[in-house]
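Chain naming here is simple, since letters A, B, ... match the order of the sequence lines and numbering starts at 1 in each. The model shown is predicted, which means the values in this text are computed figures rather than measured ones.
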2 protein chains.
Amino acid sequence: MENFIVHCNRLTGLTESAKVDLRTKLTTKHIAKGHYLLQDGNTCKYLFFINQGLAKTFFFKEDKEFIMRFFTESNLFTVVDSFGNQQPSGYAVVALEDTSYTTLSYDDLQTLCQRHHCMETFFSKLLAKAATHMMQRITEMLEDNPAERYARFVTNNQALLQRITLGDLASYLGITQVSLSRIRARK
Amino acid sequence: MENFIVHCNRLTGLTESAKVDLRTKLTTKHIAKGHYLLQDGNTCKYLFFINQGLAKTFFFKEDKEFIMRFFTESNLFTVVDSFGNQQPSGYAVVALEDTSYTTLSYDDLQTLCQRHHCMETFFSKLLAKAATHMMQRITEMLEDNPAERYARFVTNNQALLQRITLGDLASYLGITQVSLSRIRARK
DNA sequence: GTGATTTTTTAACTTATGTAAAAAGATAAG
DNA sequence: CTTATCTTTTTACATAAGTTAAAAAATCAC
């Protein structure tokens, strides 16, 4: 729970009173590998902060699974459109390992934002960070071919690589598992 | 200038005093086709609102140009990472037609956010909308092949299609112009 | 209107990817 | 240990995309 606050405070300085107030709104939960933090079709009611474990955000198109992003220790995230507009999510979030995470609900965040200007700033920073990450992702998909995307992922996510399947990695990279296997073989 | 305020007000209700205050901070500019609203390497100091005209956000990789997004009438936007952190931008913005646009500077936005809670909310909504758009873009790049991406663009951007070159469209879709030409030919 | 420039299409060739199916390897459960 | 399941690699084939170059079409400037 403290880690959530430390992380928020790092995004933008929080006042002591905001920290005290925030602490009362946090809930820590545990979920087993394979279970859902959010089912697609449901509205995302929370900001999620992963204390320990690993999760992926993904969606289906005709049973095929496409991965938007992996989240691990100290990642603070949500499903932006569902959370921001409190509408059903087209994306699901599932635990890839047994996972401990801390949540802050939409309603509580609204309350905190009304009470503390710094919390509104915090939320803006969080959204800007998410947007920046997605911009980077789009950039990579435009400028890199599959082999380059794989190479970049390996360099930037050395640790994560040990924890995800190559099937999931292929899905994230936007290629088939067969193609990823060939890319790995040919160098 | 009024359009900028109307647009903000639509994102989140603004108080009358915020509107009055905001109005004093807006500047309207005109730029000719081919000229830059932002050069890459420079820090993006503004939110841009296009009154009339068309612009594209893009970046270079070894002289090759890759288009992030097109912006036209009533689009409110910025280069999120550069603007949010006030650091040099890896992306440029150029006018594709003679363009009239209204700006709000980073410093003025900060001031307005301090004075009016609704302006902070407005900025959050703007970021959430940008993030949602990018999430949609990533989704399309994952689930659709080039031909499907082209078809989707045509349906969703009928009007825009008349105003951009097929070279720029190919760049946006992440394929070569030759490939786009073949896709168009084969149906 | 004519020449110059830009945009778009076509052609030929090479390489990479998707698909489907099977084999090999690794992991987990009993 | 052994079976069952999940993960990864390999094979074979068809299709689509990238590259380079050239031609055709459209647009712009004088």
Using a 3.5 Å distance criterion without hydrogens, assess whether the side chain of Arg182(A) forms a donor-acceptor pair with backbone atoms of Gln177(A). no
Using atom types as modelled and distance alone, determine if a side-chain donor or acceptor of Thr57(B) lies under 3.5 Å from a backbone N or O of Ala92(B). no
Phe66(B) CZ - dG18(D) P separation (whole Å): 10 Å
Mind calculating the distance between CD1 (Ile175(A)) and P (dT15(D)) to the nearest angstrom? 22 Å
The remaining residues in the hydrophobic cluster of Val94(B), counting side-chain heavy-atom contacts under 4.5 Å among Ile, Leu, Val, Met, Phe, Trp and Tyr, are Tyr36(B), Leu54(B), Phe58(B), Phe60(B), Ile67(B), Phe70(B), Leu96(B), Tyr150(B), Phe153(B), Val154(B), Leu160(B), Leu161(B), Ile164(B), Leu166(B), Leu169(B), Tyr172(B), Leu173(B), Ile175(B), Leu180(B), Ile183(B)
Please state how far atom CG in Leu142(B) lies from atom C1' in dT17(C), giving the value in whole angstrom units. 16 Å
Crowded around His133(A) NE2? As in, over 12 foreign heavy atoms under 6.0 Å? no
Distance-only donor-acceptor check, side chains Asn42(A) and Ser89(A), under 3.5 Å: no
Under 3.5 Å, is there a donor-acceptor pair between the Thr12(A) and Thr121(A) side chains? no
Just to be sure I understand the geometry, which residues of residues 176-184 of chain A put a non-hydrogen atom under 4.0 Å away from DNA chain C? Thr176(A), Val178(A), Ser179(A), Arg182(A)
Residues of residues 153-174 of chain B with a heavy atom under 4.0 Å from any atom of DNA chain C, listed by number, are Thr165(B), Leu166(B), Gly167(B)
Would a line drawn from the ring center of Phe83(A) to the ring center of Tyr106(A) be shorter than 6.0 Å? yes
May I have the distance from Met141(B) (atom CE) to dT17(C) (atom P), rounded to whole angstrom? 15 Å
Without decimals, in angstroms, what is the distance between Lys61(B) NZ and dG18(D) C1'? 14 Å
Using atom CG of Asp144(B) as one end and atom C1' of dA17(D) as the other, report the distance to the nearest whole Å. 17 Å
Residue-phosphate contact under 4.0 Å: Arg186(A) side-chain N/O, dT17(C) OP1/OP2: yes
Could you tell me if Asp108(B) and Thr111(B) have a donor-acceptor pair between their side chains, going purely by distance under 3.5 Å? no
Ser17(B) side chain to Arg115(B) side chain, donor-acceptor N/O pair below 3.5 angstrom: no
Under 4.0 Å between a side-chain N or O of Lys64(A) and OP1 or OP2 of dT19(C)? yes
Measure from OH on Tyr150(A) to C1' on dT17(C) and round the result to the nearest Å. 17 Å
Output the rounded distance in Å from CG (Asp63(B)) to P (dT19(D)). 13 Å
